[in-house]
**Q** 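Just dropping this structure here.
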Amino acid sequence: MTKQLLLIDGNSIVFRAFFAMHNQMDKFTNKDGLHTAAIYGFKLMLDHVLQNFKPDAALVAFDAGKVTFRTKMYDDYKGGRNKTPNELTEQIPYVRELIKDSGLHSYDLANYEADDIIGTLAKQADDAGYKTLIVTGDRDLTQLASENTTVAVTHKGVTDTEHYTPAHVEEKLGITPRQIIDMKALMGDSSDNYPGVTKIGEKTAIKLVKQFGSVEELYEHIDELKKSKMKEHLIEDEEIARQCKTLATILRDAPIKISLADLKYEGPQNDELVKFYKEMGFKSFLKKMDPDHVGDEDEATIAPISYTVLTKDNLTKLAQLKGEVSFYLEMPEANYHTSPFAGFVIGNDECWFTSRDVELLKEAPLKDLLENTGIKKNVFNAKAQIVGLHRLGISLEDINFDLLLASYLLNTNDNSNDLGQVAQEHDYDDVRTDEEVYGKGAKRAVPDDDEVFFSHLATKARAIAHLRKDLFAKLDENKQTPLYTDIELPLARVLAKMEITGVHVDAQTLKNMGSKLTERLAEIESQIYQEAGEEFNINSTKQLGHILFEKLKLPVIKKTKTGYSTAVDALEKLADKSPIVEQILEYRQIAKLQSTYITGLLKVIHSNDQKIHTRYLQTLTQTGRLSSVDPNLQNIPVRLPEGRLIRKAFVPSHEGWQIFSSDYSQVELRVLAHITGDKNLQDDFKNGEDIHASTARRIFHLAPDAEIDRNMRRRAKAVNFGIVYGISDYGLAQRIHVSRAEAHEFIQNYFHEFPGVKKYINDTIAFAKENGYVETITHRRRYLPDIHAKSFSKRSFAERTAMNTPIQGSAADIIKIAMIRMQDELEKRHLQAKMLLQIHDELVFEAPKEEIPVLSELVPKVMDSAVKLDVPLKVDSKYGDTWYDLKK
DNA sequence: GCGTTCACG
DNA sequence: ACGTACGTGAACGCC
């Protein structure tokens, strides 16, 4: 058997691990406050490597210090690098301990870099007939690739690696691994801080290396080069090139004091590892260890719990519950309108009561408890609990703490529907996740074993109770208590009501439309096949791409990661090339209506009431908006006339009733005017201007009374949208089909005309960089860890989000406040009208015809007075017999 | 389960 | 040299 050697570039992997997890750095600390992200990442890498490569010998090489023979010959070698953060330095000794406990050797050598140790051992191993795997985060080491040595360079994170063999190097660069040294000598290395030859980058360097073979050969034959600037630079920088070649060369004969024989790998020392993981707080690794070594550790990680199983005969025991209880009704399926009930738990630290029999909830002692307005309820997902209990004829009153909702407000990423996962986010570990207890995928099931199920329920209720104080304190710290108490929690009840009410949908209308669409679809389909000359699956972008771009040879406009793009914007550019393009666009439009809106909606009409009951997700979006699922009622077609017809099926649930709808006009731009304080933008709104027209006047420098043609208004509108989304000249140019230069000019003009907006953008990004988050007018928070990202595109995205989130999020805050007040008004005035839908800036109601005049007054009044901004809010209302027929 | 496309604000 | 407007959900093909 060929022996195998594993060589790991310790420093570079530790760096990678540290920065890969930089965003979550705060989560990776042990009980002593030691940062552990790099240790954790190193361990991940190690496991991953050892799973795929079984070494007989293994070594992790480290740099010995800053001074090396390279710094002695070139002062600035690796100069200009930032100081290694303390959070990383403190982890290095622990990484070395991890290496030792894992059964690997580690080594460093004064005056030499880890690279040189690796290069030297790889050479010895090559000579001795070993197969060697080098793992590193540094691409420089690819020069060591050979027939028997593969270099794995981390790609993304620490476990995703790219394997460099001589063939792979050849394929990527067209040169041999050893020639990488020559390439680097010519092009330099900015991270190691040596320059190379002036004006020569990777492309030119590779060309020269291919042509001449090496730096030495190049200078042998320098006269053969034609006269050029490049030749002058080469001649001028010859000394530098030769010196850089030495710097770039990894030694293969460093004076190391170890040999292959010293590197034997005989597997981990499990007892030591268990101790180490405990010290680091690596629970997941502990769990994965051999059970012999963990023992009952797994069980012991969750504090035991006792509970009382409720029956019809012991309900009187509940009398002891006073003041405050935690309650959890288990509905194992996501859709709580239809999910079966698996059981429930109620109680406090004194005693947890539980049962599988939800019928017990209807018995007086329990029902009265839940409906009692003097006993505070602590729950997880208030809205789901309200709906679930409503199905059992129970009204859940006096909800105090909602773990899910509070957790979401503290950090919008903590939005799992799994209580165990959310608890873990807050460092509470005495509860398992549903996935652990119920399994996942097809195997997911509520366990038959009472002990397992009941203790899971009881630990969930306990988790809610134990996290309450801590999360309330954190909300307070963030100034988010009013957001929780006055907006989100009351909103949960309003949303529950809307979902329970549901919206009446006429199935027959949908079916009739469906048959027409089916006919039309068949027609277009045969036209497309005719045009293509064969039958294929039009829904498959792969097959469609083949037909359009290979068979019909249409020009390729845009590519995707996996092939040709066939999206609308690409196809529109081909419309004049072949009739098949328009046919495909029409096919797509109709197929979408058919599958998503006809069949899709028909599937979710409840047979008992002919209504659709969506679920609003209150804890999902990163901005504070709602989202709607099962089905999504926030994206019913409206823009195109064909799609808009779908709305004819949305009808009132009673004879003699109508649909009524009010929407905010330009709410996001008004919010922008408010939070930026921009004088010009505020004046335009205060003067009741058509905002896109007045923007056009300003950015195109027109007279105040100038006529604005449609195209100008369209462009100005795009600029306004662009500002809200975090604009780039490229993006704007794409959208309104102008040159990038023109788009750039529009944006410059905008910032000149609206200097307050410009200042807001700068200030907000600065705030995000300083604090790591941004806020809305109600102190809703969004964290933006990528605001510090090295990657331009990641960082840019975070910057755009930083300025967009306060705008989109504040608009969401406003309509949420309006919804709560609106529901109050409907009840206070004993109106029959029902709030049915929220579509971000619009509220849809159904009401008896005679109440329409009342709503026409009331709804806009409530909506435009929801908050007081520095600019007025404007609301438009419409009504009609169906959602399609709405008119002013 | 992921990628692409397209529906909405 | 890069990659490009914010926030969502559903259907479908493909692996």
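Just so we're on the same page: letters track the sequence lines, and every chain starts at 1.
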**Q** Should the ring pair Y529(A) and F536(A) be called parallel, tilted or perpendicular, given that the plane angle runs from 0 to 90° and is split at 30 and 60?
**A** perpendicular

**Q** Tell me which residues in residues 716-723 of chain A put a heavy atom below 4.0 Å from DNA chain C, sorted by number, or none.
**A** A718(A), G722(A)

**Q** Does a side-chain N-to-carboxylate-O contact under 4.0 Å join R625(A) and E668(A)?
**A** yes

**Q** Examine the side chains of D506(A) and T509(A) and answer whether a donor and an acceptor come within less than 3.5 Å of each other.
**A** yes

**Q** With sequence neighbours excluded, tell me which residues meet ring pair (Phe, Tyr, Trp, His ring centres under 6.0 Å) with Y194(A).
**A** none

**Q** Do T433(A) and Q421(A) have a side chain donor and acceptor closer than 3.5 Å?
**A** no

**Q** Report which part of the nucleic acid Q543(A) touches: base, sugar-phosphate, or nothing (heavy-atom distance under 4.0 Å, all strands).
**A** sugar-phosphate

**Q** Donor-acceptor pairs under 3.5 Å, side chain of residues 640-649 of chain A to any protein atom, not counting sequence neighbours: which ones?
**A**
from: R644(A); atom 1: NH1; to: V638(A); atom 2: O; distance (Å): 3.4
from: R647(A); atom 1: NE; to: P637(A); atom 2: O; distance (Å): 2.8
from: R647(A); atom 1: NH2; to: I636(A); atom 2: O; distance (Å): 2.9

**Q** Once pairs are restricted to Watson-Crick or G-U wobble with both distances under 3.5 Å, how does DNA chain C read as a dot-bracket string, [ ] for crossings and | for other-strand pairs?
**A** .....|||||||||.

**Q** For residues S810(A) and T776(A), is any side-chain donor paired with an opposing acceptor at under 3.5 Å?
**A** no

**Q** Could I get the full list of salt bridge (Lys or Arg N to Asp or Glu O under 4.0 Å) partners for R698(A), not counting sequence neighbours?
**A** D684(A), E753(A)

**Q** Could you report the tightest heavy-atom contact between Y783(A) and Y773(A), atom names first, then the distance?
**A** CD2-CB, 3.7 Å

**Q** Looking at every non-hydrogen atom in both residues, tell me the closest pair between K769(A) and R795(A) and how far apart they are.
**A** NZ-CD, 4.4 Å

**Q** Minimum heavy-atom separation for L626(A) to Y616(A), with atom names?
**A** CD1-CD2, 4.1 Å

**Q** Identify the 5'-most and 3'-most nucleotides of DNA chain B with at least one atom closer than 4.0 Å to a non-hydrogen atom of chain A.
**A** dG3(B) to dG9(B)

**Q** Is it true that the side chains of S627(A) and Q634(A) contain a donor and an acceptor less than 3.5 Å apart?
**A** no

**Q** Using the P atom as the point on both nucleotides, what is the distance between dG3(B) and dT4(C), in whole Å?
**A** 14 Å

**Q** Specify the residues of residues 636-644 of chain A, ordered by number, for which at least one heavy atom lies under 4.0 angstrom from an atom of DNA chain B.
**A** I636(A), P637(A), V638(A), R639(A)

**Q** Between the main-chain N or O of K794(A) and the side-chain N or O of D786(A), is there a donor-acceptor pair closer than 3.5 Å?
**A** no

**Q** Nearest nucleotide by nearest heavy atom, which residue falls closer to the 5' end of DNA chain C, E668(A) or K203(A)?
**A** K203(A)

**Q** So that I can tick it off, tell me whether K184(A) and D189(A) are bridged by a salt bridge, with the cut-off set at under 4.0 angstrom between side-chain N and carboxylate O.
**A** yes

**Q** Can you give the first and last nucleotides of DNA chain C, 5' to 3', that have an atom under 4.0 Å from a heavy atom of chain A?
**A** dG3(C) to dC15(C)

**Q** In residues 620-635 of chain A, which residues come under 4.0 Å of DNA chain B by heavy atom?
**A** R625(A), Q634(A), N635(A)

**Q** When we call it a touch if two heavy atoms are under 4.0 Å apart, what does S796(A) touch: a base, just sugar-phosphate, or nothing?
**A** nothing

**Q** Can you check whether T614(A)'s main-chain N or O pairs, donor with acceptor, with H337(A)'s side chain at less than 3.5 Å?
**A** yes

**Q** Contact class for S791(A) vs. all strands (heavy atom < 4.0 Å): base, sugar-phosphate, or nothing?
**A** nothing

**Q** Indicate whether any N or O donor in one side chain lies under 3.5 Å from an N or O acceptor in the other, for E842(A) and S661(A).
**A** yes

**Q** What's T801(A) touching, base or sugar-phosphate or nothing? Going by heavy atoms closer than 4.0 Å.
**A** sugar-phosphate

**Q** Among residues 735-745 of chain A, which residues get a heavy atom nearer than 4.0 Å to DNA chain C?
**A** R735(A), R740(A)

**Q** Determine the contact category for L593(A): base if any of its heavy atoms lies under 4.0 Å from a base atom, sugar-phosphate if only primed atoms, P, OP1 or OP2 are that close, otherwise nothing.
**A** nothing

**Q** For N762(A), which residues count as a side-chain contact (heavy atoms from CB on, under 4.5 Å) partner, sequence neighbours excluded?
**A** K758(A)

**Q** Say you pick atom C1' in dC6(B) and the same atom in dG3(C); how far apart are they, in whole Å?
**A** 23 Å

**Q** Treating E202(A) as the side-chain partner and M187(A) as the backbone partner, does any N or O pair qualify as donor plus acceptor under 3.5 Å?
**A** no

**Q** Run the salt bridge (Lys or Arg N to Asp or Glu O under 4.0 Å) test against R670(A) and tell me which residues pass, sequence neighbours left out.
**A** none

**Q** Between Q838(A) and H840(A), which heavy-atom pair has the shortest distance, and what is it?
**A** OE1-N, 3.0 Å

**Q** D729(A) near the nucleic acid: base, sugar-phosphate alone, or nothing, with a heavy-atom cut-off under 4.0 Å?
**A** nothing

**Q** If you look at every strand shown and take non-hydrogen atoms under 4.0 Å, does I839(A) touch a base, only sugar-phosphate, or nothing?
**A** sugar-phosphate

**Q** Do the side chain of D678(A) and the main chain of A673(A) share a donor and acceptor less than 3.5 angstrom apart?
**A** no

